[in-house]
Amino acid sequence: MEELLIRFGPIAVFFGAAVEGDLALVLGGVVAHLGLIDPVTAVIASSLGGLAGDAVWFAIGRRSAAAIRATDAYRRVGPTVERLAARFGDRQLLLARPIWGTRVMSMLFWGSQQMRVSRFLLLDALASTVWAVLLVSLGWAGSQSAEKILGQVHRVELWLLGAASIVVVVVVLLRRSR
């Protein structure tokens, strides 16, 4: 298993970031903390994967704007994206990740608005990189905390094992003495 993660870890982080997003980035940080992949590699794979996934949604938006606007999903999330776009312009792409539920719709929206591809790539690469650094770091830090907690749990388990052993010995001795 470890060899698979070492060998395919960056590819898995890339595809996870492209398809799923945030959880894959956090897991990339955990895997990096475990030493199975390099932390910088985890950030790069996460950033490029996020950008690749966003580019697919952006391209779909460019090709089928009318069909997208007719969907229930667009009617639910579209107004939020449109309000943010009216307020921040194309820099709204920088907010698509931290505002939960707007990432995919934002990519579709800007694709349907026929945003220049170069502008999209510039803004989304910046957003993907910042988000990758934040979430991979969160995974790294969370993994460190989990390691400390597991170390404390291991000590408690040892104490409980020792206490259980003493109880068993006492019970056996009491039964023999009767």
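Keep in mind the model is a prediction, meaning the values are calculated, not measured. Positions are given from 1, in the same order as the sequence printed here. Below, each value reflects all heavy atoms present in this structure, side chains not excepted, and no hydrogens, waters or symmetry copies.
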Does [X] have more than 12 heavy atoms from other residues, nucleotides or ligands lying within 6.0 Å of its [atom1]?
X	atom1	answer
Arg75	CZ	yes
Phe15	CZ	no
Arg69	CZ	yes

Q. What pairs meet the side-chain hydrogen bond (donor to acceptor under 3.5 Å, both in side chains) rule with one or both residues in residues 11-27, with sequence neighbours excluded?
A. Asp22-Trp131
Identify whether [X] and [Y] are in the same connected component of the hydrophobic contact network (ILVMFWY, side-chain heavy atoms under 4.5 Å).
X	Y	result
Leu126	Ile44	no
Ile68	Trp110	yes
Trp140	Leu134	no

**Q.** Student check: side-chain heavy atoms of Leu27 and Val13 closer than 4.5 Å
**A.** no
Q. Going by heavy atoms in the side chains, are Val117 and Arg62 under 4.5 Å from each other?
A.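 Yes, at least one pair of side-chain atoms sits under 4.5 Å.
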(Q) Quiz question: by atom type and distance under 3.5 Å, do the side chains of Ser106 and Arg97 form a donor-acceptor pair? (A) no
Q.
Students often mix this up, so state it plainly: with edges at 30° and 60°, are the rings of Phe58 and Phe120 parallel, tilted or perpendicular?
A. parallel
(Q) For the backbone of Ala125 and the side chain of Thr129, can you confirm whether one donor and one acceptor N or O come within less than 3.5 Å of each other? (A)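 Yes, because the side chain of Thr129 sits within donor-acceptor range (under 3.5 Å) of the backbone of Ala125.
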Q: Could I get the full list of ring-ring contact (aromatic ring centres under 6.0 Å, His included) partners for Phe109, not counting sequence neighbours?
A: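 With sequence neighbours excluded, Phe109 shows a ring-ring contact (aromatic ring centres under 6.0 Å, His included) to no residue whatsoever.
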Q: Before giving the answer on side-chain contact (heavy atoms from CB on, under 4.5 Å), spell out for Leu93 and Arg119 the whole-Å C-alpha distance, their side-chain angles and the decisive distance to 0.1 Å.
A: CA-CA 10 Å; Leu93 274 172; Arg119 181 73 175 161; over 6 Å; no
Q | Closest non-hydrogen atom pair between Ser46 and Ala17, with its separation | A |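 Closest approach of Ser46 to Ala17, heavy atoms only: O-CB, 3.5 Å.
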Q | Leu95 and Thr102: CA distance, side-chain angles, deciding distance, side-chain contact (heavy atoms from CB on, under 4.5 Å) verdict | A | CA-CA 9 Å; Leu95 302 172; Thr102 64; over 6 Å; no
